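This report refers to the structure that appears directly beneath it.
Atoms considered below: every heavy atom in the structure, side chains included; atoms not considered: hydrogens, waters and symmetry mates. For clarity, every value in this text was computed on a predicted model and none was experimentally measured. Throughout, a chain's letter reflects where its sequence line sits, starting with A, and its residues are numbered from 1.
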2 protein chains.
Amino acid sequence: MSATISTDLIRGHTDTVILNILRQGDSYGYEIYKRILQLSGNRYELKEATLYTAFRRLEKDGDITSYWGDETQGGRRKYYRITAQGQEHYAQNVRDWDFAKDILETLIKGGIGDDQD
Amino acid sequence: MSATISTDLIRGHTDTVILNILRQGDSYGYEIYKRILQLSGNRYELKEATLYTAFRRLEKDGDITSYWGDETQGGRRKYYRITAQGQEHYAQNVRDWDFAKDILETLIKGGIGDDQD
DNA sequence: CCCAATTACCTTGACAGACACAGTAATGTT
DNA sequence: AACATTACTGTGTCTGTCAAGGTAATTGGG
């Protein structure tokens, strides 16, 4: 892996990243893990512990549901599906991110004369 | 305050925000607190506990130094000054943010056909 | 002149998200 | 047979943020 993203820069975005992948169709843990690596060009690895912790959280909150795949042979797979509520939360999270991004830019790079409102 | 930024979206950026303000000149806690409110257009309030925690961390790490103001009368003020190392860390943090931002955009909004590398 | 608001600093304890580490179990490859 | 890979799970730890609490001086309004 080349340069990587620090933990704290991704923090709080994990759920949104997972919901975004599930918007494109049901998937399971290991596939999502691989997909995130691929989408980030090997620059961000969402650790498995973090991923499965997020699944519990999202399912408890009603943003996703899960079901076991019917692989009669081969490793069992637990599939996750985004719910209508999850779709709404995803959309809200994206709005929050777009909103926060601009303010962060100002706070991080802004200086004299950049006052708001 | 109108809409606000969630804690987790700002997490990990606190030090960078403080360093950015100190790049523009020495300052003290309460002034920095107010400045962040102002720069964000009242959309983000860095809590005092967080601010003073960050001062300890930054000073311990050598990114800032502190000295008491010489207000002979009036409330004492503890001023903070960014060090050369702090300047370097600030620059690196900004690079990290620019880098992470693009990847985050992809992970949050990207879909099929957005593969990297 | 008193009282409330503001300025200014600080500490402690708790919480939540991310992850290191450890484990289980099946399949595929050599 | 041995090893890598796929696939899922639990436990305990670390770190940044913040709620809640505290101290003390100054300023402005009634």
Whether [X] contacts [N] is assessed here as follows: a side-chain N or O lying under 4.0 Å from the phosphate OP1 or OP2. Is that the case?
| X | N | value |
| --- | --- | --- |
| Tyr30(B) | dA24(D) | no |
| Thr14(A) | dG17(C) | no |
| Thr7(B) | dC18(D) | yes |
| Tyr28(A) | dA7(D) | yes |
| Arg76(B) | dC9(C) | no |

> Should Thr16(B) and Tyr90(B) count as side-chain neighbours, where that means a heavy-atom distance under 4.5 Å?
Replying inline: yes
Of the nucleotides [options], which has the atom closest to the [X] side chain?
| X | options | value |
| --- | --- | --- |
| Asp8(B) | dC9(C), dG17(C), dT9(D) | dG17(C) |
| Lys34(B) | dT7(C), dG17(C), dT9(D) | dT7(C) |
| Arg11(A) | dT9(D), dC9(C), dA18(C) | dA18(C) |
| Arg77(A) | dC8(D), dG17(C), dT7(C) | dC8(D) |

For the pair made of [atom1] in [X] and [atom2] in [N], what is the distance, rounded to whole Å?
| X | N | atom1 | atom2 | value |
| --- | --- | --- | --- | --- |
| Tyr79(B) | dT7(C) | OH | C1' | 12 Å |
| Arg57(B) | dT15(D) | CZ | P | 11 Å |
| Ile5(A) | dC19(C) | CD1 | C1' | 16 Å |
| Tyr33(A) | dA7(D) | OH | C1' | 12 Å |
| Ile10(B) | dG16(D) | CD1 | C1' | 13 Å |
| Leu9(A) | dT17(D) | CG | P | 11 Å |
| Asp15(A) | dA16(C) | CG | P | 14 Å |
| Ile32(B) | dC10(C) | CD1 | P | 12 Å |

> Is it true that Lys101(B) and Glu105(A) make a salt bridge, defined as a side-chain N closer than 4.0 Å to a carboxylate O?
Replying inline: yes
I'd like to check the side-chain hydrogen bond (donor to acceptor under 3.5 Å, both in side chains) partners of [X]; sequence neighbours left out, ordered by chain and number.
| X | answer |
| --- | --- |
| Tyr67(B) | Asp26(B) |
| Thr7(B) | none |
| Thr14(B) | none |
| Gln87(B) | none |

> Who pairs with Arg95(B) by side chain to side chain contact (heavy atoms under 4.5 Å, CB included), at least two apart in sequence or on another chain?
Replying inline: Ala91(B), Gln92(B)
> By a strict heavy-atom criterion of less than 4.0 Å, which residues belonging to residues 47-56 of chain B are in contact with DNA chain D?
Replying inline: Lys47(B), Ala49(B), Thr50(B), Thr53(B)
